[in-house]
Amino acid sequence: MDALPRHFYDRPTLNVARDLLGCTLVHRLNGRRLSGRIVETEGYVGPQDLASHSRRGPTKANAVMFGPPGYAYVYFTYGMHWLLNAVTEADGFGSAVLLRAIEPLEGQDLIAANRPGRPPLEWTSGPAKLTKALAVDRACNGADLCGGDLFIGAGDRVPDHQVQTGPRIGIASVPEPWRSHPYRFWLKGNPYVSKSR
DNA sequence: TTTACGATCTAT
DNA sequence: TAGATCGTAAAT
């Protein structure tokens with residue numbers, strides 16, 4: 001499976017977020033492949049988006065977001081979690097797609113080992129769960145998703161009637177209209193889609 | 001240098 | 001429903 005080309009990411013962020021559904025996130029590690037089918041994403045559409053880390057302009061932590069498309073923006077939050085994004089749009093524009101959930105495909109023995117004591121449905125059904133499961137952390141920040149050990153491969157095209165949209169999760173303190181914009185995309189009925197609260 | 005908080009998860 | 005837990009950036 002080939003990595004999606006850079007021009008896939010050099011498009012409007014919401015189109016990328018929609019089209020990443022059904023694609024395969026792969027992490028090559030120690031000669032093995034850990035992978036999963038992307039079932040939930042969120043778009044963070046640019047500095048004007050008050051829910052986006054890019055809203056205050058480039059900083060040391062979010063610099064990758066402002067770089068060229070097709071790179072991994074990995075950041076640390078809540079004192080313990082790593083979250084994985086794919087950078088979108090033109091170099092210099094701060095936008096990305098957060099990968100929120102995947103369905104395990106390859107390397108399920110290794111994935112299980114990274115999620116000890118948890119049932120399969122809780123291995124990758126959340127943005128911090130999937131990074132833990134696929135061993136994605138700060139070392140992956142800035143990785144080239146178009147040609148490296150962490151990449152995204154094309155999947156079967158997901159028809160529109162299988163795609164649902166809604167507001168993004170975990171941004172309750174963000175002002176309207178950004179809080180309510182339907183920038184979250186998921187596969188209808190897929191059991192690995194994260195639980196919102 | 002100090003403080004407040006966060007694109008979450010888990011156990012209670 | 002609250003506690004864990006710490007890097008980051010704004011405030012002091």
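Here is how names work: the chains are called A, B, and so on, in the same order as the sequence lines, proteins then strands, and each is numbered from 1.
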*Asks:* Please determine, for the side chain of Pro127(A), which listed nucleotide (dA9(C), dC9(B), dG6(B)) has the closest atom?
*Replies:* dC9(B)
*Asks:* So what does Ala128(A) touch, heavy atoms closer than 4.0 Å: a base, only the sugar-phosphate, or nothing?
*Replies:* sugar-phosphate
*Asks:* Regarding Leu83(A), tell me which of base, sugar-phosphate or nothing describes its non-hydrogen contacts under 4.0 Å with the strands shown.
*Replies:* sugar-phosphate
*Asks:* Please check if atom CG in Asp109(A) has more than 12 non-hydrogen atoms from other residues, nucleotides or ligands closer than 6.0 Å.
*Replies:* yes
*Asks:* Any chance you could measure Phe93(A), atom CZ, to Phe66(A), atom CZ, to the nearest 0.5 Å?
*Replies:* 8.5 Å
*Asks:* Starting at CG of Asn62(A) and ending at C1' of dA10(C), how long is that distance when rounded to a whole Å?
*Replies:* 14 Å
*Asks:* For the pair Glu122(A) and Lys129(A), find out whether any cationic side-chain nitrogen is under 4.0 Å from an anionic carboxylate oxygen.
*Replies:* no
*Asks:* Taking for each residue the nucleotide of DNA chain C with the nearest heavy atom, is it Met80(A) or Arg138(A) whose nucleotide lies nearer the 5' end?
*Replies:* Met80(A)
*Asks:* Which whole-number value in Å describes the distance from Tyr75(A) OH to dG7(C) P?
*Replies:* 16 Å
*Asks:* Is there a side-chain contact between Arg100(A) and Pro127(A) (heavy atoms, below 4.5 Å)?
*Replies:* yes
*Asks:* Counting only Watson-Crick or G-U wobble pairs whose two distances fall under 3.5 Å, which nucleotide matches dG3(C)?
*Replies:* dC9(B)
*Asks:* Within the pair Arg100(A) and dT8(B), is there a side-chain N or O less than 4.0 Å away from OP1 or OP2?
*Replies:* yes
*Asks:* Taking for each residue the nucleotide of DNA chain B bearing the nearest heavy atom, is the 5' side occupied by Ile171(A) or by Lys129(A)?
*Replies:* Ile171(A)
*Asks:* Ion pair present between Glu42(A) and Arg168(A), side-chain N to carboxylate O less than 4.0 angstrom?
*Replies:* no
*Asks:* Provide, to the nearest angstrom, the distance between the CD1 atom belonging to Ile169(A) and the P atom belonging to dT8(B).
*Replies:* 8 Å
*Asks:* Give the nucleotide from the list dC9(B), dC6(C), dT8(B) with an atom nearest to the side chain of Arg115(A).
*Replies:* dC9(B)
*Asks:* Tell me the interatomic distance from Tyr78(A), atom OH, to dG7(C), atom P, rounded to whole angstroms.
*Replies:* 17 Å
*Asks:* Indicate, with a heavy-atom threshold strictly under 4.0 Å, whether Arg179(A) touches base, sugar-phosphate, or nothing.
*Replies:* nothing
*Asks:* Examine dC9(B): is either OP1 or OP2 under 4.0 Å from a nitrogen or oxygen in the side chain of His81(A)? Give yes or no.
*Replies:* no
*Asks:* If I take atom CH2 in residue Trp82(A) and atom C1' in nucleotide dG6(B), what distance separates them, rounded to the nearest angstrom?
*Replies:* 14 Å
*Asks:* Rounded to the nearest angstrom, tell me the gap between atom CG in Leu84(A) and atom P in dT8(B).
*Replies:* 14 Å
*Asks:* Quick one: which of dT10(B), dA7(B), dA10(C) gets closest to the side chain of Arg118(A)?
*Replies:* dT10(B)
*Asks:* Arg168(A) CZ to dT8(B) P: how many Å, rounded?
*Replies:* 12 Å
*Asks:* Figure out the CG/P separation between Leu50(A) and dC5(B), and round it to whole Å.
*Replies:* 18 Å
*Asks:* So does Thr77(A) get a side-chain nitrogen or oxygen closer than 4.0 Å to the phosphate oxygens (OP1/OP2) of dC6(C)?
*Replies:* no
*Asks:* Are Arg11(A) and Phe8(A) in a cation-pi contact, defined as NZ or CZ under 6.0 Å from the six-membered ring centre and within 45° of the axis?
*Replies:* yes
*Asks:* Compare the ring of Tyr44(A) with the six-membered ring in the base of dA7(B) and state whether they stack (centres under 5.5 Å, planes under 30°).
*Replies:* yes
